[in-house]
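Order of the sequence lines fixes the chain letters, A, B, ..., with proteins taken first and strands second; residue numbering starts at 1 for each chain.
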Amino acid sequence: MTNNGPPDGRRTDGRSFEVDIDDVLDDEDEDDGDGLFDDLLSGEPIFENKEVLRPSYTPHELPHRNEQINNMATILVAALRGETPSNILIYGKTGTGKTASAKFVSQELEKTSRKYDVPCEVEYINCEVTDTQYRVLAQLANKFIDQNRAYVDERVDELEDLHTAARDDRAALDDTEFDSPREVQNRIDSRLDDKEDMEEVPMTGWPTDRVYSTFFDAVDYVERVAVIMLDEIDKLVEKSGDDTLYNLSRMNSELDNSRVSIIGISNDLKFTDFLDPRVKSSLGEEEIVFPPYDANQLRDILQHRSDTAFKEGALSDDVLPLCAAFAAQEHGDARRALDLLRTAGELAERDQADTVDEEHVRHAQDKIELDRVVEVVRTLPTQSKLVLYAIMTLEKHGVHNINTGEVYNIYKRLCDEIDADVLTQRRVTDLISELDMLGIVNAVVVSKGRYGRTKEINLSVPIEETETVLQADSRLGDIENVTPFVQARFDGDGKD
DNA sequence: CCTCCACAGGAAGCAGGGGTTA
DNA sequence: TAACCCCTGCTTCCTGTGGAGG
């Protein structure tokens, strides 16, 4: 829905766009250089440690999130007392520090649990990647199975020690539950049998209920509190309903040894609307909201990281405030702010500049958006590319507010041309909606009264760059010239 | 006020490709 | 091997609908 690309496809410095596009198309993996980049290294380096600006980096201090973190800790501390913590739902838009905070808290929790020897584990699952009930359960089951195996190994080691000790001297059994070395041996055998039975769940193939019971048994094998963290939980619900959550949330009543507690992390404030009321109330026992950062807070965060990320004095004064301001417009997205700062730094580095300045930040803002679009378009499946190509072609011929029928006609023509399968209009409608969600086109349903109800589609990315990327696809490269067809179709149509 | 256009978008179900178990 | 299972991308069939023109 948000697609504030560069204000206009035409730039004063057309060159920089070409360069950037080629970059993006080439670099499958643009990680740090080796040999080729000696030239660049010779300049005064700007970065001290770039890693801390990457999204994957988890800081050990999260400014302006103390309240939320303490909140979580207060709830989760129950786990350390061996009680079941309430389930938690965490809300907040992207880049508001939800995941980072949750991960931070769970690390602390596990650390403390080890210190006091309380059995407590946190499992993290990203539901955008693991997006079906089967996969969530399978992944959880396998994690717990791994742990159980390790647990069995430890116990067996202990028991074996005990066994040898007891053979020398029966007194070694005095304080234990065993009466004879034989019993110890039996226990060892039964543990090993257990381990034998712990079968990993395959990626696919099993019936779901079997995966569930495997997972159930795995959790219940040891006495413990299991905290299950489901990131992007709204994606899971959207794609495969609330069965998973229902199963997870009612597990506690059937578990004998262990307890589970769920932390759900969601971008969408309203996603609980789709849930079964029972799931909704159990999952939302506690709710924590992460509000967007404002520009000042963003500046703090950037300041914090830039101290370690950059060389002393590599940033001119207005850089941080500007990054913060840009990102604040984008619903206070800290990830975006850091991205901006890093990219600005990289651009400065490329220019062999000594300092990062305002211009680099502005340039970075454009580059990030373009890179994103190019990457999204490049990795589109062929059919979506064809649909996009159709839209783009129409747009190029001055047709605006394109409707689905028009797109479909051109699309059919294109498929013909390159000998691809022609999908139904129903399917193409869906593909258009997907493009809309990716922010590549803008599609609004409008009613034109007598003349029906349709989508009005507009391209919301620069035409030329899109075309370049589309034509880089080997299958679309040899599309001849569709112009005559388009013109024939819209001749004298008055759409201009 | 009613009609009827040109689709939107839900539901169901299929193919066929990933895998499993017996 | 056959008989299952699950997932994705797709088709078929369908009902719903805002408003210009009658």
Side-chain angles (χ1 to χ4, degrees), chain A residues 1 125-142 145 196-218 232 235-248 273-274 376 379-391 394 399-416 418-438 440-458 473 475 489-490 493-495:
Chain A
M1 26 177 177
I125 287 197
N126 186 329
C127 303
E128 181 150 38
V129 187
T130 311
D131 59 356
T132 67
Q133 175 167 10
Y134 185 99
R135 291 210 270 255
V136 169
L137 292 177
Q139 198 172 322
L140 284 171
N142 287 338
I145 286 170
E196 199 75 8
D197 289 341
M198 291 175 191
E199 197 185 352
E200 293 252 339
V201 181
M203 286 305 292
T204 165
W206 283 11
T208 309
D209 49 350
R210 181 171 170 196
V211 182
Y212 177 76
S213 59
T214 308
F215 163 61
F216 188 94
D217 293 343
E232 319 253 355
K235 297 279 163 43
L236 176 67
V237 174
E238 193 181 295
K239 285 207 65 178
S240 44
D242 54 7
D243 288 7
T244 322
L245 300 180
Y246 180 72
N247 285 332
L248 287 179
D273 293 358
F274 311 112
V376 168
T379 54
L380 242 31
T382 309
Q383 289 292 345
S384 299
K385 280 184 180 166
L386 282 165
V387 173
L388 181 58
Y389 203 113
I391 297 171
L394 284 161
V399 189
H400 299 295
N401 299 334
I402 309 159
N403 59 43
T404 311
E406 290 165 341
V407 174
Y408 190 63
N409 284 329
I410 306 288
Y411 160 83
K412 273 195 292 197
R413 201 39 194 256
L414 291 173
C415 288
D416 232 40
I418 67 164
D419 207 23
D421 294 344
V422 183
L423 304 181
T424 54
Q425 180 156 337
R426 176 70 188 83
R427 181 63 188 144
V428 169
T429 311
D430 280 346
L431 294 181
I432 293 173
S433 302
E434 280 168 29
L435 292 176
D436 183 28
M437 284 199 302
L438 289 168
I440 300 174
V441 304
N442 197 315
V444 205
V445 278
V446 293
S447 182
K448 296 190 193 160
R450 180 90 247 170
Y451 307 103
R453 222 162 93 90
T454 181
K455 278 195 166 100
E456 277 189 350
I457 305 157
N458 286 293
D473 184 297
R475 296 200 62 191
R489 192 133 187 93
F490 294 101
D493 202 338
K495 288 184 187 240

Calculate the interatomic distance between [X] atom [atom1] and [N] atom [atom2]; express it in whole Å.
{"X": "A:Y451", "N": "B:dC4", "atom1": "OH", "atom2": "C1'", "result": "12 Å"}
{"X": "A:L435", "N": "B:dA8", "atom1": "CG", "atom2": "P", "result": "13 Å"}
{"X": "A:I432", "N": "B:dC7", "atom1": "CD1", "atom2": "P", "result": "10 Å"}
{"X": "A:D421", "N": "B:dA15", "atom1": "CG", "atom2": "P", "result": "16 Å"}

*ring-ring contact (aromatic ring centres under 6.0 Å, His included) with A:F216: which residues, sequence neighbours excluded?*
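Counting only residues at least two positions away or on another chain, A:F216 forms no ring-ring contact (aromatic ring centres under 6.0 Å, His included).
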*asked:* Could you tell me the boundaries of the chain A footprint on DNA chain C, defined by atoms under 4.0 Å from its heavy atoms?
replied: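 Range of nucleotides within reach of chain A: C:dC5 to C:dG21.
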*Verify whether one side chain among A:N458 and A:N401 offers a donor that lies under 3.5 Å from an acceptor in the other.*
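Looking only at side-chain atoms, A:N401 and A:N458 do form a donor-acceptor pair, the distance falling under 3.5 Å.
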*Verify whether one side chain among A:K455 and A:T429 offers a donor that lies under 3.5 Å from an acceptor in the other.*
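Their side chains do not contain a donor-acceptor pair, so the 3.5 Å distance test is not met.
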*Donor-acceptor contact present, side-chain A:Q383 to main-chain A:D421, <3.5 Å*: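 Judged by distance alone, yes, a pair lies under 3.5 Å.
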*Flag, side chain of A:N142 to backbone of A:V201, donor-acceptor distance under 3.5 Å*: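 Yes, A:N142 side chain to A:V201 backbone: donor-acceptor pair under 3.5 Å.
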_Quick check on B:dA6: is either OP1 or OP2 less than 4.0 Å from any side-chain nitrogen or oxygen of A:N403?_
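No, outside the criterion.
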*If each of A:Q133 and A:R453 is mapped to the nucleotide of DNA chain C with the nearest heavy atom, which maps nearer the 5' terminus, i.e. the 5' end?*
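It is A:Q133 whose nearest nucleotide is closer to the 5' end.
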*Determine, step by step, whether A:R426 and A:D430 satisfy the salt bridge (charged side-chain N to carboxylate O under 4.0 Å, His left out) criterion, reporting the C-alpha distance in whole Å, the side-chain angles of both residues, the deciding distance to 0.1 Å, and the verdict.*
CA-CA 7 Å; A:R426 176 70 188 83; A:D430 280 346; 3.0 Å; yes
Identify every side-chain donor-acceptor pair in residues 204-214 of chain A under 3.5 Å, counting partners at least two apart or on other chains, and give the distances.
unit_1, atom_1, unit_2, atom_2, d
A:S213, OG, A:D209, O, 3.3
A:S213, OG, A:R210, O, 3.1
A:T214, OG1, A:R210, O, 2.8

_Let's see if you get this right: which residues in residues 196-211 of chain A place a heavy atom under 4.0 Å from DNA chain C?_
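Only A:G205, A:W206, A:P207, A:T208 qualify.
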_Just to be sure I understand the geometry, which residues of residues 422-429 of chain A put a non-hydrogen atom under 4.0 Å away from DNA chain B?_
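The stretch gives A:Q425, A:R426, A:T429 as the residues lying under 4.0 Å from the strand, ordered by number.
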*Take the C1' atoms of the five end pairs on each side of the helix from B:dC1-C:dG22 to B:dA22-C:dT1, get both axes, and report the angle to 10 degrees.*
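Here the helix ends are tilted 30° relative to one another.
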